[in-house]
There are 2 protein chains.
Amino acid sequence: MATIEDVAKLTGLSRTTISRVINNHPYVSEEKRKLVLEAMEKLGYVPNSSARSLRNQKTSILALFIPRITNPFFSELVEATEIAAAEHGYQLIICQTRYSPEKELNYMNLLKTKQVDGVILASIQNEWKQLKPFLQYGPIVLCNEFDDCANVPTVRLDQVYGGYIATKHLLEQGHTKIAYCSGGYRSNVAKSREIGFKKALAEYKLTFDERYAFRDAFHIADGKRVFRQMMALSNRPTAVFTGSDEVAAGIISEALACGYRIPEHLAVVGFDNQAITELTNPTITTVHQPVKQMAQKAVDVMIEKIQTKKYDVQEIYEFPLQLIVRASTVGSELHQSEA
Amino acid sequence: MATIEDVAKLTGLSRTTISRVINNHPYVSEEKRKLVLEAMEKLGYVPNSSARSLRNQKTSILALFIPRITNPFFSELVEATEIAAAEHGYQLIICQTRYSPEKELNYMNLLKTKQVDGVILASIQNEWKQLKPFLQYGPIVLCNEFDDCANVPTVRLDQVYGGYIATKHLLEQGHTKIAYCSGGYRSNVAKSREIGFKKALAEYKLTFDERYAFRDAFHIADGKRVFRQMMALSNRPTAVFTGSDEVAAGIISEALACGYRIPEHLAVVGFDNQAITELTNPTITTVHQPVKQMAQKAVDVMIEKIQTKKYDVQEIYEFPLQLIVRASTVGSELHQSEA
DNA sequence: GAAACGAATGAAATCGTTTTCATGTTTATA
DNA sequence: TATAAACATGAAAACGATTTCATTCGTTTC
């Protein structure tokens, strides 16, 4: 492998001058610049990134923390983040915490060992006080997930509003017995949606019924299970709010398989506006999350923090959520367009 | 940030000894070892990975090339690859080529600049002769996608067989007018499936009808479009082979929306055995691909190549495909179990 | 009791860049 | 025309680790 020294030798110039050419610094004569470029071409020279990283104290790599990538919401987030990072000349390392606090802390060492320039947390498995000490090693940006205690930039969506509009929509259809599904107790995203859910209920003078709450629903299979659990209740709900389209699809699938009709017997609202919402029959009413914009903003903010080196500032960037009404909640009437 | 020098100063020892402790080298007295570990703890010292990479000529990072991660097949591949890499102490950089040869070549420079120790290609956008020169900079392992010209380790599935069993299944149901769907002309995966498709037809003395071929179907929306195109044909097919469950789901969804019945009016077979195959009604007959095993093997082979430094050996590791019969091809009869 | 060996440690070179500082050469300015 | 300013270049230090080679000391071995 050719090094800068080889280029220097071949051209008869110093390493300094070669470096100047590489980095487009001024004060290199046009003649020498040509010479250097030719030599680099001839030797197939390309700068070694480890050496650059060491010298520049910067790797041009970001880490993105997610629980698991096969959740389509996170796939979409990763896709958008990778594209945004690439536009800024950054590479993206994927860290799947698999909902494990230990794995999360372990991946955090990427920041401490300077293997990455910054960490974007799209999910959080530890208390913030466990994570906070890592801030001394580099920037952390929260994206999607959030924590009020965290004194770092946060790009988020108004999940309280999301839970609210979805639930209000069900209430407006005349439902009073509404079940609640979410994925995980730890996530503030889930907690916020629950607050919005309760807020909507309260406006209709209804109280939250714990027997209608299912907080361990992540996948399609969980949706199927939840449906069976709901139907086993003495006072069955007539509608259900879910934290993901996958769970909603699972519920619908199981309901149809059991001979129920959607939304007549059970109205279902999903979350995320994934592709499957248009696939199932009936199609799924859901809440659209502007994932691309969120990811793009998170990367932009991250780059800025890397440059300014001020990591411990709590800035909140919030994007709007939007209810998409489809057939799983409103029967055969005409649906609202998707905007 | 504390460096090894700081630890040396605090303990009154040399950098050499500290390094020995870090790397578990012999010839360090237990007394000094304790001393060093305490000092490292006290200073919060952790080795700088750029410095290590430079000195050791090794980054402990792998790059995984995929077209886009939101394709569930690739999500699954990334998930499994990341887990396998982590088990070996490697990080994973995601490279989405977005079907662009230029982007692919650009990402290839990660190998040349030594930012990664190896590249796993799960999709190929260039001719092998474009890629081959990068072999001098580090190992390339093919995983899922393949190329007969490529003199590198290849972990693959028998796609000819996959196309064959899926098609044969349709033929066995009595179909003679079978349409063919795939994603992309460039992929050898798609080409192989087509060979298997034709082979099955040939066994039944049928010939391939180009009017039944749709080679630009990737997403759900493409499936919907393809269905409409098929129905516009003068001599409509009664069955269709697709290269992905998403496309199959799109076809089924559109068919149902247009008032057709599956499989009575159209039998549909998908590929990948994604979660949606169990969601749609009818459920989708498909071909299961052992993605986890494939990813695991690819990482294992990669690690071995990194160690042995012999990159240009063509070794082929092949995993079996399996037909999963569901309702989209066999009506209401009892289905074969999933094994 | 000298030679040989193994254990424990450190000085300095090395990995491949970038940057600081110094120096020499032009060109512009008063 | 002296002099400041701009341009062009290079030597050497720095980034933070690991490794090679010496060196010292204690223990066997014959």
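Please read all numbers here as calculations on a predicted model, not as lab measurements. Numbers restart at 1 for each chain; the letters A, B, ... are given by sequence-line order, proteins then strands.
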Given atom [atom1] of [X] and atom [atom2] of [N], what is their separation to the nearest angstrom?
{"X": "A:I4", "N": "D:dA14", "atom1": "CD1", "atom2": "C1'", "value": "15 Å"}
{"X": "A:Q115", "N": "D:dG16", "atom1": "CD", "atom2": "C1'", "value": "15 Å"}
{"X": "A:I18", "N": "C:dT18", "atom1": "CD1", "atom2": "C1'", "value": "13 Å"}
{"X": "B:I22", "N": "D:dA17", "atom1": "CD1", "atom2": "P", "value": "7 Å"}
{"X": "A:K9", "N": "C:dT17", "atom1": "NZ", "atom2": "P", "value": "13 Å"}
{"X": "B:H25", "N": "D:dA17", "atom1": "NE2", "atom2": "C1'", "value": "12 Å"}

Worksheet item: Is a salt bridge present between B:K34 and B:E38, judged by a nitrogen-to-oxygen distance below 4.0 Å?
Response: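 No, this pair does not count.
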Worksheet item: Is A:E82 paired with B:R68 through a side-chain N to carboxylate O contact shorter than 4.0 Å?
Response: no
Worksheet entry | Relative orientation of the end axes in the helix from C:dG1-D:dC30 to C:dA30-D:dT1, expressed as an angle to the nearest 10° (five pairs per end) | 40°
Worksheet item: OP1 or OP2 of D:dT18 less than 4.0 angstrom from a side-chain nitrogen or oxygen of B:S19, does that happen here?
Response: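 Checking B:S19 against D:dT18: at least one side-chain N or O falls below 4.0 Å of OP1 or OP2.
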Worksheet, complete the sentence: Here the ring-ring contact (aromatic ring centres under 6.0 Å, His included) pairs for residues 70-101 of chain B, sequence neighbours left out, are B:Y99-B:F218
Between the protein and nucleotides 8-11 of chain D, list the N/O to N/O atom pairs that are separated by less than 3.5 angstrom.
residue : atom : partner : partner atom : Å
D:dT9   : OP1  : A:S29   : OG           : 3.3
D:dT9   : OP1  : A:K32   : NZ           : 2.5
D:dT9   : OP2  : A:S29   : N            : 2.9
D:dT9   : OP2  : A:S29   : OG           : 3.2
D:dT9   : O4   : A:R20   : NH2          : 3.3
D:dG10  : OP2  : A:S14   : N            : 2.9
D:dG10  : OP2  : A:S14   : OG           : 3.0
D:dG10  : OP2  : A:T17   : OG1          : 2.7
D:dG10  : O6   : A:R20   : NH2          : 3.0
D:dA11  : N6   : A:T16   : OG1          : 2.8

Practice prompt. Can you establish whether the number of heavy atoms outside B:K191 located under 6.0 Å from its atom NZ is more than 12?
Written response: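 Result for NZ/B:K191: enclosed.
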Worksheet item: Hey, can you pull the residues of residues 304-311 of chain B with a non-hydrogen atom under 4.0 angstrom from DNA chain D?
Response: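 Hits under 4.0 Å, by residue number: none.
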Item to complete: Check each residue of residues 38-61 of chain A for a non-hydrogen atom within less than 4.0 Å of any atom in DNA chain D, then write out the ones that pass by number, or none.
Response: A:L54, A:R55, A:Q57
Partners meeting side chain to side chain contact (heavy atoms under 4.5 Å, CB included) with [X] (sequence neighbours left out):
{"X": "A:E102", "value": "A:S100"}
{"X": "A:N106", "value": "A:N109"}
{"X": "A:K310", "value": "A:T308, A:D312, A:V313"}

Worksheet item: Which atom names give the shortest non-hydrogen contact between A:M1 and A:D6, and what distance separates them?
Response: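 In terms of heavy atoms, the two residues are closest at O-OD2, 3.9 Å.
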Worksheet entry | side-chain hydrogen bond (donor to acceptor under 3.5 Å, both in side chains) pairs, two or more places apart, involving residues 115-127 of chain B |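 Of all non-adjacent pairs touching residues 115-127 of chain B, those that pass side-chain hydrogen bond (donor to acceptor under 3.5 Å, both in side chains) are B:T59-B:D117, B:E104-B:N126, B:S123-B:Q125, B:Q125-B:R186.
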Who passes salt bridge (Lys or Arg N to Asp or Glu O under 4.0 Å) against [X], sequence neighbours left out?
{"X": "A:R33", "result": "none"}
{"X": "A:R156", "result": "A:E318"}
{"X": "B:K305", "result": "B:E315"}

Worksheet item: Where the side chain of B:N56 meets the backbone of B:K58, is there a donor-acceptor pair that is under 3.5 Å apart?
Response: no
